[in-house]
Amino acid sequence: MFDHVCTACAKRQLIFSSMVRGIDNTEHGLVVHFDCWCGAEQQLVTGRGARRPRTLTAA
Ligand SMILES: [Zn+2]
């Protein structure tokens with residue numbers, strides 16, 4: 001279970017595992033495909049590959 005802000009209805013909803021349609025392991029991380037409560041197809045990129053490297057700034 002995780003929370004997600006839907007790109008269609010703009011609501012922050014809890015997404016349950018039963019709503020997940022699939023998970024793709026890509027070079028950008030794990031892409032979770034699921035349906036929002038409103039019925040819109042959504043994606044979430046997560047996992048180790050989704051982390052962005054820290055940006056270092058000169059002092
Ligand atoms: Zn929605």
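This chain uses plain numbering: 1 for the first residue, then up along the sequence. Values below: every heavy atom of this structure, side chains too, minus hydrogens, waters and symmetry copies. In listed order, ligands and their atoms are each counted from 1.
- Around the Zn ion (ligand 1), the protein contributes the following N, O or S atoms under 2.8 Å, ordered by chain and number: C6 SG, C9 SG, C36 SG, C38 SG.
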### Query
Could you go step by step and tell me if F34 and H4 meet the side-chain contact (heavy atoms from CB on, under 4.5 Å) rule?
CA-CA 10 Å; F34 58 94; H4 177 75; 3.4 Å; yes

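- When all heavy atoms of R21 and D35 are compared, the closest pair comes out as NE-OD1, 2.9 Å.
- The main-chain N or O of H33 is never found under 3.5 Å from a side-chain atom of E41 such that the two would form a donor-acceptor pair.
- The two residues W37 and L14 have their closest heavy-atom pair at NE1-O, 2.7 Å.
- Applying the side chain to side chain donor-acceptor pair (under 3.5 Å) rule to D3 yields the partners R12; only residues at least two apart in sequence or on another chain are considered.
- The two residues C36 and Q42 have their closest heavy-atom pair at CB-CG, 4.1 Å.
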